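Reviewing the structure listed below.
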2 protein chains.
Amino acid sequence: MISVMIVDDDPFVSGSLKIILDNEPDIEVKAVAGSGEEAVKLAPSVAPDVIVMDIRMEGMNGTEAAQKIIENGSSAAILFLTTFLDDEYINKALKIGAKGYIIKQDCGSLPSSVRAVASGQAVFGGKVVEKLPDLLNRKERFDPSEFDITPKELEVIKFVADGLSNKEIAEKMFLGEGTVRNMVSSILTKLDLRDRTQLACFYYQKMV
Amino acid sequence: MISVMIVDDDPFVSGSLKIILDNEPDIEVKAVAGSGEEAVKLAPSVAPDVIVMDIRMEGMNGTEAAQKIIENGSSAAILFLTTFLDDEYINKALKIGAKGYIIKQDCGSLPSSVRAVASGQAVFGGKVVEKLPDLLNRKERFDPSEFDITPKELEVIKFVADGLSNKEIAEKMFLGEGTVRNMVSSILTKLDLRDRTQLACFYYQKMV
DNA sequence: CGTCGGAAATGACATTTGTCATTGACGAAA
DNA sequence: TTTCGTCAATGACAAATGTCATTTCCGACG
């Protein structure tokens, strides 16, 4: 028997979901929470196998609630429900280790999704998968002014990300090798990185 | 009733899978193919809802067979089975629009996965999901075999491109630091690069 | 004029990195 | 069995890198 907790701030939705799931012989809805906060409170005592959670809610939203619940030591598999595709949310959901992300509309597939998630698989609504590649390629923009990176340092960063040595960079910029070394060092400190390789990685991941 | 075709070149495996699935009241195994070629031939007449396919097979492998089948107009949802995580395969599987990719070991979850896939969701084995972010970001204009890059070396390249030091890579791969150093050195020779930073650049420019 | 501050440079140092020759372990092949 | 080839490891070494304290230079500003 799979125990489930439903979290949705719309009583009509959570009611419908409960009916759908309770109708399955091997699924039992143990609790229904009307908000993220309530879900966090209930999770430890209910200890459900699966938490079916709306991702858009008043107050604490789905990902926040899920994060809290996971932090509190729950081993529940989180299955997010959404009415549409929201890039930001999918990203966060993946990051915190959600086990599923499906579209409310096809509630017919909900029971089988719950079962799959309960048995350790991860489930995504068909259209979500198609979007995954795009989503994961998206990077948080990098704002040089945010980190006090000067124009000259920016130039150095690009050279490093081209695989040049300090000496080569020095020649290109008409500086001493030691100077370039100091600049690299200062850049690393500002960006909280360890070495030029990490700087190159940072460049390609956040700046290009 | 969900109709299923099983494809595996190991009769023991396909037999076991058939038993597991036939045991479910709402799932019916309509056909069992012993090779990719046979699967392509059977698919049109069987017209299953779901094809459960081993990804590693003699002759035509899983992804090739799946591609053919899809090209031939089948609307079957493809659910790949694998004994371990193979990056390249996951990539290809996703590209050709597979609906699932799960680990053979947890065959207990197979029925629920089949149901989820049949109802239009996408299913991934738990550990596969964790790797998704890495995998999806990778486009390959670069053919490792072209340069005699071994799988282990490929792994090292990825770690370098993550900014890890030799020592850190060594720990992750359970090798000595000197060994990793030698591997990096050998990679650099093969790719005609100078240092690890250039390797990271190469990775992001040619391999990602 | 002096001096303040930033950019550039220097020198010293520890660490990391890349290269190479060599060795041991292990399995496949003869 | 021996031999071969590959993988992992080791040790030694030079080079590149990163850090830090210090110094020089130069323009701005009082």
Side-chain angles (χ1 to χ4, degrees), chain A residues 142-207, chain B residues 56 58 83-88 142-207:
Chain A
F142 164 78
D143 180 10
S145 60
E146 182 90 33
F147 292 88
D148 283 335
I149 298 294
T150 68
K152 210 160 292 196
E153 285 174 333
L154 204 55
E155 204 177 344
V156 171
I157 293 179
K158 282 175 192 162
F159 282 132
V160 169
D162 256 342
L164 301 195
S165 70
N166 289 331
K167 191 185 290 190
E168 290 166 336
I169 297 175
E171 284 169 12
K172 291 229 178 205
M173 295 180 68
F174 306 103
L175 296 175
E177 179 185 349
T179 307
V180 176
R181 245 192 264 178
N182 289 338
M183 294 180 73
V184 171
S185 182
S186 129
I187 294 169
L188 294 179
T189 303
K190 286 177 185 173
L191 296 181
D192 195 27
L193 300 171
R194 180 155 33 89
D195 52 49
R196 66 199 300 101
T197 306
Q198 290 194 342
L199 178 55
C201 301
F202 180 89
Y203 176 82
Y204 285 106
Q205 288 175 353
K206 300 282 173 63
M207 298 176 66
Chain B
R56 285 214 166 216
E58 304 291 326
T83 37
F84 49 87
L85 297 174
D86 190 318
D87 301 8
E88 305 317 314
F142 165 77
D143 180 11
S145 61
E146 185 87 32
F147 292 88
D148 282 335
I149 298 294
T150 68
K152 211 159 293 197
E153 287 174 334
L154 201 56
E155 205 177 345
V156 171
I157 294 179
K158 284 172 204 162
F159 282 133
V160 169
D162 254 344
L164 300 196
S165 70
N166 289 330
K167 191 185 292 189
E168 288 166 336
I169 297 175
E171 284 170 12
K172 291 231 180 206
M173 296 181 67
F174 305 103
L175 297 174
E177 179 185 349
T179 308
V180 175
R181 238 190 266 181
N182 289 338
M183 295 180 73
V184 171
S185 182
S186 132
I187 294 170
L188 293 179
T189 304
K190 286 176 184 173
L191 297 181
D192 193 29
L193 300 171
R194 181 153 33 91
D195 53 49
R196 66 200 298 102
T197 305
Q198 289 193 344
L199 177 55
C201 300
F202 178 89
Y203 176 83
Y204 286 107
Q205 288 174 355
K206 300 283 173 59
M207 299 174 68

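All values reported here derive from a predicted model rather than from experimental measurement. Every heavy atom of this structure was used, including side-chain atoms; hydrogens, water molecules and symmetry mates were not. Sequence lines set the chain letters: A, B, ... in the order given, protein chains first and strands last, and positions in each chain run from 1.
Listed by residue number, A/Leu175, A/Gly176, A/Gly178, A/Thr179 are the residues of residues 169-179 of chain A with a heavy-atom contact under 4.0 Å to DNA chain C.
Among the protein residues, B/Lys167 comes within range of no part of the nucleic acid, since none of its heavy atoms lies under 4.0 Å from any strand. Base contact: A/Asn182 has a heavy atom under 4.0 Å from a base atom. B/Asn166 comes within 4.0 angstrom of sugar-phosphate atoms only, judged by non-hydrogen atoms across all strands, and of no base. Among the heavy atoms of the strands, none lies under 4.0 Å from B/Thr189.
Shown here are the side-chain contact (heavy atoms from CB on, under 4.5 Å) partners of A/Asn182, two or more places apart in sequence or in another chain: there are none. With sequence neighbours excluded, the residues satisfying side-chain contact (heavy atoms from CB on, under 4.5 Å) with B/Leu193 are B/Leu188, B/Leu191, B/Gln198, B/Leu199, B/Phe202. For A/Ser186, the side-chain hydrogen bond (donor to acceptor under 3.5 Å, both in side chains) test picks out A/Glu153, with sequence neighbours left out.
The outermost nucleotides of DNA chain C lying under 4.0 Å from heavy atoms of chain A, listed 5' to 3', are C/dA8 to C/dA12.
Pairs engaging residues 156-169 of chain A under the salt bridge (charged side-chain N to carboxylate O under 4.0 Å, His left out) rule: A/Glu168-B/Arg194 [sequence neighbours left out].
Of the possible polar contacts, none joining the A/Tyr204 side chain to the B/Cys201 backbone as a donor-acceptor pair under 3.5 Å is found. Of the possible polar contacts, none joining the A/Lys190 side chain to the A/Ile149 backbone as a donor-acceptor pair under 3.5 Å is found. Side-chain N or O atoms of A/Arg196 include one that pairs as donor or acceptor with a backbone N or O of A/Leu164 at under 3.5 Å.
Atom CZ of A/Phe159 and atom P of D/dA16 are 19 Å apart (whole Å). In this structure, B/Asp195 places its CG atom 14 Å from C1' of D/dG18, rounding to the nearest Å. Atom CZ in A/Arg196 sits about 11 Å away from atom P in D/dA16, given to the nearest Å. To the nearest angstrom, C1' of D/dT17 lies 15 Å from CG of A/Leu193.
Here A/Arg181 does not reach the OP1 or OP2 of D/dT19: none of its side-chain N or O atoms lies under 4.0 Å away.
Of the two residues contacting DNA chain D, namely B/Arg194 and B/Met183, the nearest-nucleotide position lying further toward the 5' end is that of B/Met183.
In this structure, the side chains of B/Met183 and B/Leu175 come closer than 4.5 Å at one or more pairs of heavy atoms.
B/Thr179 OG1 to B/Met173 CE: the interatomic distance, rounded to the nearest 0.5 Å, is 10.0 Å.
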